[in-house]
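Take a look at the structure set out below.
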Amino acid sequence: MKLKEHINTLIAQALKQASITVDKVSVTEATKPEFGDYQFNGIMPLAKTLRRNPREIAEDVVALIDTTDAISKVEVAGPGFINIWLNPLWVAKRVEEMLQGERVGVEISTNPQEVIVDYSGPNMAKEMHVGHLRSTIIGDTLANLFSFLGDSVVRQNHIGDWGTQFGMLIAYLEEQSVNSMENLKDLEEFYKSAKKRFDESEEFALKARDYVVKIQSGDAHCLRLWQNFIDISLQHCEEVYEKLSVKLTRDDVRAESFYNKRLPQVVSKLQESGALQVSKGAKCVFLEGQETPVIVQKGDGGYLYATTDLASLWYRSEVLDANRVVYVVDARQAEHFKQVFRISKENGLVKESTNLEHIAFGTMMDKGGKPFKTRDGGTVKLINLLDEAVIRAKKSIREPQNHSEEELNTLAKTIGIGAIKYADLSINRESNYIFDWDKMLSLEGNTSLYQQYAYARIMSIFRKYDGEIGSEIIIATPIEHTLSIALLRFEDILLRASKDASPHQITTYLYEVATLFMRFYEQNPILKEEIDEPTKQSRLALALLTSKVIKQGLDILGIEVVDRI
RNA sequence: GCACCCAUAGCUCAGCUGGAUAGAGCAUCGCCCUUCUAAGGCGAGGGUCUUAGGUUCGAAUCCUAAUGGGUGUACCA
């Protein structure tokens with residue numbers, strides 16, 4: 001239910017009747033319970049142009065607001081705030097409708113977009129490490145969110161499978177005559193050993209460089225080795241995706257090498273449009289107002305990542321016909337994306353109407369506020385981090401005796417992985433974030449476990465109660481009123497999170513819903529004997545809807561729920 | 001050097017287009033379980049929103065500058 005839009009319309013009608021023109025009416029949630037459910041602050045800025053006392057204007061408008069439907073009461077307060085109370089009967093009806101629908105009251109977009117979500121993007125030369133976590137988690141959530149709202153989503157995993165280090169790896173692969181996966185179990189070690197050989201032996205280094213040339217010129221034998229290496233490396237990634245319950249598959253892979261054919265075309269296209277200049281032997285695009293150019297072809301003829309990104313932008317616009325392209329990539333690449341976005345638009349690689357967004361995020365820090373590393377300063381392998389999360393989650397379960405060993409393992413996975421994801425998603429993505437095991441696995445505060453616990457608590461009620469659940473909602477207490485409105489806001493929240501590509505708005509909301517439910521549950525007994533049947537039915541229905549909102553919300557975040565903790 | 005980002009309670013963070021007395025959680029201190037999962041709830045204390053100017057009826061939010069921190073900056077990705 002688009003709650004805010006509905007109220008906006010009612011206010012807009014009153015303004016129209018009062019012959020006041022406003023570009024956009026936008027109510028906000030009331031800042032305090034005394035101020036009602038929503039408030040409209042848009043009168044005060046009008047005072048100057050209308051040359052009238054804002055309070056008087058507000059009085060006029062208030063008199064014209066329809067209070068027979070959604071709104072039960074309006075009041076002018078302070079210098080000209082309009083406080084709005086929603087009609088509990090109307091709210092109850094909307095909650096009933098929300099309960100009946102398949103999609104927790106969320107409409108499928110009538111104007112679906114073709115959205116590309118570019119995320120994860122691991123480098124095939126190494127194993128995935130913590131640096132890939134945020135992109136993978138945030139990107140997957142955004143893809144889930146957009147598709148739940150009805151957009152047509154294409155996930156793209158822009159894996160790094162091309163470049164000089166592959167010559168080194170292939171040379172080492174051949175030298176070791178490794179063809180089976182067995183010896184490649186630890187990709188990280190393999191990379192390190194190859195690098196060591198490269199640094200130590202000039203002969204080996206020469207061979208490695210030779211391999212780069214061979215791969216790039218399409219030598220069949222080398223390409224086969226390269227392909228083999230990529231396959232194995234990709235399997236490592238898929239293992240991580242599996243553990244993380246991230247929906248990326250092989251079909252989503254559009255590797256760097258996928259764009260090879262387009263690279264010379266990008267250069268000639270830029271040449272045609274006159275953007276290209278040769279400087280110090282390299283083919284460059286100089287952007288207005290910037291000293292250093294964007295190099296699209298090196299002096300030796302090689303291409304760079306800017307070229308690949310331009311090629312991918314072109315492909316996504318031309319072939320995939322995207323309306324919106326979101327790149328979920330580290331904030332440090334902000335300038336790079338600003339540049340390639342601009343070049344692609346200015347030179348017709350991407351349609352003017354296409355929205356290009358760099359969804360930047362900050363670095364993952366340790367508890368001391370330093371970049372997250374192992375004790376000896378190395379990078380933390382993602383797979384180890386995830387395994388640790390599950391182990392820690394298992395230890396944190398309060399009453400393990402209530403579960404079978406198998407249940408316990410599933411539970412630990414759900415809690416552990418959920419905690420890692422939720423901790424990441426619940427923070428404004430642009431700021432750096434502090435990775436803290438104790439905090440994320442805590443039972444208290446804004447964590448996934450709190451949501452999962454709230455859900456499990458509701459499930460426990462339904463285990464105890466085996467009758468029918470009513471379809472009539474009765475809003476009789478303040479907390480029922482507040483909880484109901486919070487539930488109705490679900491769609492508003494998702495729409496805004498989608499617009500801003502900002503998952504933390506969903507977590508903030510879910511935390512509010514879960515907290516309200518806990519209070520509701522504390523104050524308004526459900527199955528107690530003294531509760532009359534209609535009230536019991538209504539409260540059961542509210543609990544049910546709460547569980548549906550939490551489940552759906554967490555599902556978008558890629559987090560599972562359990563019936564029992 | 002230049003450019004970009006960040007600065008809110010002891011700690012971790014919310015704060016939507018500028019709006020009423022700046023909100024949560026953790027930690028600290030009280031209270032509530034023979035009663036639906038107490039992994040919960042209720043309450044208390046804790047703030048010159050880094051600083052100084054400016055715009056405005058009104059600024060944590062917008063503008064300018066300073067300070068502190070982070071990041072990027074020609075042939076790696």
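Only a predicted model underlies this, so the values are computations on that prediction, with no experimental measurement involved. These numbers come from the heavy atoms of this one structure, side chains and all, not from hydrogens, waters or symmetry mates. Within every chain, numbering begins at 1; the chains are lettered A, B, ... in the order of the sequence lines, protein sequences first and strands thereafter.
- With rounding to whole Å, His336(A) atom NE2 is found 8 Å from A77(B) atom C1'.
- C6(B) sits 9 Å from C62(B) when the P atoms are compared, rounded to a whole Å.
- Residue Arg429(A) contributes atom CZ, which lies 12 Å from atom P of A14(B) at whole-angstrom precision.
- Contact annotation: side chain of Glu522(A) to base of G40(B), donor-acceptor pair present below 3.5 Å.
- In this structure, Phe520(A) places its CZ atom 16 Å from P of C36(B), rounding to the nearest Å.
- Residue-to-nucleotide proximity on RNA chain B shows that, of Ile427(A) and Val27(A), the 5′-proximal contact is made by Ile427(A).
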Step-by-step side-chain contact (heavy atoms from CB on, under 4.5 Å) determination, Trp437(A) to Lys367(A): CA-CA 9 Å; Trp437(A) 285 117; Lys367(A) 239 174 146 174; over 6 Å; no
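- Using a 5.5 Å limit on the distance between ring centres and a 30° limit on the angle between planes, the aromatic ring of Phe35(A) counts as stacked on the six-membered base ring of A20(B).
- Using a 4.0 Å heavy-atom distance criterion, Asn432(A) is classed as a sugar-phosphate-only contact.
- More than 12 heavy atoms of other residues, nucleotides or ligands lie within 6.0 Å of CD in Glu530(A), so this atom counts as buried by the packing criterion.
- For the residue pair Glu357(A) / Asn355(A), no side-chain donor-acceptor distance below 3.5 Å is found, with atom types taken as modelled.
- For a distance-only test at 3.5 Å, the side chain of Tyr305(A) qualifies as a donor-acceptor partner of the base of A77(B).
- Put simply, CZ on Phe361(A) is 15 Å from C1' on C5(B), counting in whole angstrom units.
- With no hydrogens or angles considered, a side-chain donor-acceptor pair links Asn446(A) and Tyr422(A) at under 3.5 Å.
- We find that Asp492(A) and Arg496(A) are not joined by a salt bridge, their nearest charged nitrogen and carboxylate oxygen being 4.0 Å or further apart.
- The aromatic ring of Phe81(A) stacks onto the base of A20(B), its centre lying under 5.5 Å from the centre of the six-membered base ring with the two planes under 30° apart.
- Under the Watson-Crick and G-U wobble criteria, each requiring two contacts below 3.5 Å, nucleotide G1(B) is paired to U73(B).
- For the pair Tyr509(A) OH and A24(B) C1', the computed distance is 17 Å after rounding to whole Å.
- Aromatic stacking of Tyr465(A) on C36(B): not satisfied for centres closer than 5.5 Å together with planes under 30 degrees.
- The interatomic distance linking Ile415(A) (CD1) with U37(B) (C1') rounds to 13 Å, in whole Å.
- Put simply, the side chain of Asp161(A) and the base of A77(B) share no donor and acceptor less than 3.5 Å apart.
- The CG atom of Asn83(A) sits 12 Å away from the C1' atom of G19(B) (whole-angstrom rounding).
- Donor-acceptor pairing under 3.5 Å, judged by distance alone, is present between the side chain of Ser279(A) and the base of A74(B).
- Rounding to whole angstrom units, CD of residue Glu5(A) and P of U17(B) are separated by 19 Å.
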